[in-house]
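The structure under discussion appears below in the form of structure tokens.
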Amino acid sequence: MMYVKYLFLSVLYLCLVAFQINAQTEDRDEYATLTTNPGDAEKEIEIEFRKGIEHYYPLMAIWVEDMSGNFIHSLYVAQSIAKGEFEYGQSEGGKWKRGEKEIPSALPYWAHQRGVMTIDSSYMPTKKNPLPDAYTGATPTQSFILKTSVDKEVSSQFRILFEINQSWDWNKFWHNAKYPGNKEYMKSAQPALVYEATIDLESDKEKYEMKPVGHSHPYGATGELFEDLSTLTTALEIAESITVRVHEP
């Protein structure tokens with residue numbers, strides 16, 4: 001009798017685990033659609049972001065560079081970063097409310113590559129100097145497909161960069177006592193991860209897998225890209241895959 005009971009509980013447990021895994025898989029299969037920089041049919045692309053098991057509302061920026069690493073233009077930037085205004089930007093009377101806020105540690109590689117400095121020597125967009133609406137959108141809470149285009153002036157060979165950062169994803173190396181007293185680092189934990197794909201419109205290739213090439217400065221002090229990813233753990237699982245698809249004109 002005890003054996004039958006144990007067997008029943010074991011089967012029930014396995015069914016619950018299978019249901020949970022299936023639910024997570026189905027959830028990751030649901031895609032939102034974003035559209036930015038419309039109107040350039042000569043270089044239309046789609047970027048498919050499939051979220052990973054460590055995806056919890058990360059901030060993102062996607063942009064185009066030439067083959068020498070020079071910034072050309074953004075493709076998508078999370079609206080809160082692009083506008084310098086967050087839903088929970090300011091605390092007043094013990095309650096959070098929408099307000100202006102800069103987070104240099106969020107997406108520092110994109111910000112420094114963009115190279116637009118404000119009067120307070122910051123590279124982050126502000127409410128007074130926001131990114132144009134054509135390149136922004138709400139932060140997706142799920143997997144998504146970005147439909148966008150690269151400007152006509154860009155040559156047939158270029159790079160697409162994707163920076164992603166999730167707050168408070170501590171690990172053994174990036175712990176909360178690593179930079180004592182540094183408030184910007186405390187907003188980030190594991191630094192932003194940067195992915196890259198090199199696109200060649202003269203080739204027959206239509207699909208490109210983006211690969212991680214480094215991480216940003218841990219508290220956004222510089223625009224340096226650090227190639228050693230050995231200290232990153234869950235940050236590498238925010239995205240399961242990022243794919244660029246090129247559409248024929």
Taking all atoms of both residues into account, what is the closest heavy-atom pair of A192 and A106, and its distance? CB-O, 3.5 Å

Between E196 and V213 the two heavy atoms that sit nearest each other are CB-CG1, 3.8 Å

ring-ring contact (aromatic ring centres under 6.0 Å, His included) pairs, two or more places apart, involving residues 182-202: W170-Y185, Y179-Y185

Any chance you could measure I145, atom CD1, to I47, atom CD1, to the nearest 0.5 Å? 11.0 Å

With a 4.5 Å heavy-atom cut-off, do R159 and M67 have their side chains touching? yes

Note: E184 and I103 closest approach over all heavy atoms is OE1-CA, 4.1 Å

Partner residues of S156 under the side-chain hydrogen bond (donor to acceptor under 3.5 Å, both in side chains) criterion, sequence neighbours left out: E202

Please check if any side-chain donor atom of D228 sits under 3.5 Å from a side-chain acceptor atom of S230, or the reverse. yes

With T234 as partner, the option from E54, H55, Q190, Q166 fulfilling side-chain hydrogen bond (donor to acceptor under 3.5 Å, both in side chains) is Q190

Any chance the side chains of S74 and W110 put a donor and an acceptor closer than 3.5 Å? yes

Examine distances only and state if a side-chain atom of T148 and a backbone atom of T36 form a donor-acceptor pair shorter than 3.5 Å. yes

State, to 0.1 Å, how close S149 and H73 come at their nearest heavy-atom pair, and which atoms those are. O-CE1, 3.8 Å

Would you give the length of the straight line joining atom CG of N165 to atom CG of L59, rounded to the nearest 0.5 angstrom? 7.0 Å

Could you tell me which residues satisfy side-chain hydrogen bond (donor to acceptor under 3.5 Å, both in side chains) with T243, sequence neighbours excluded, listed by chain and number? E209

In terms of heavy-atom contacts, K83 and P130 come closest through CD-CB, 3.7 Å

Interatomic spacing from CG in D200 to OH in Y208 - rounded to 0.5 Å: 5.5 Å

Distance col, row E153:CD vs D66:CG, nearest 0.5 angstrom, shows 13.5 Å

On a heavy-atom basis, the closest approach of L75 and I45 is CD1-CD1, 4.0 Å

Do other residues, nucleotides or ligands put more than 12 heavy atoms under 6.0 Å from K187 NZ? yes

Between T141 and Y57, is any pair of side-chain heavy atoms under 4.5 Å apart? yes

Mind checking whether H175 and F173 have ring centres under 6.0 Å apart? no

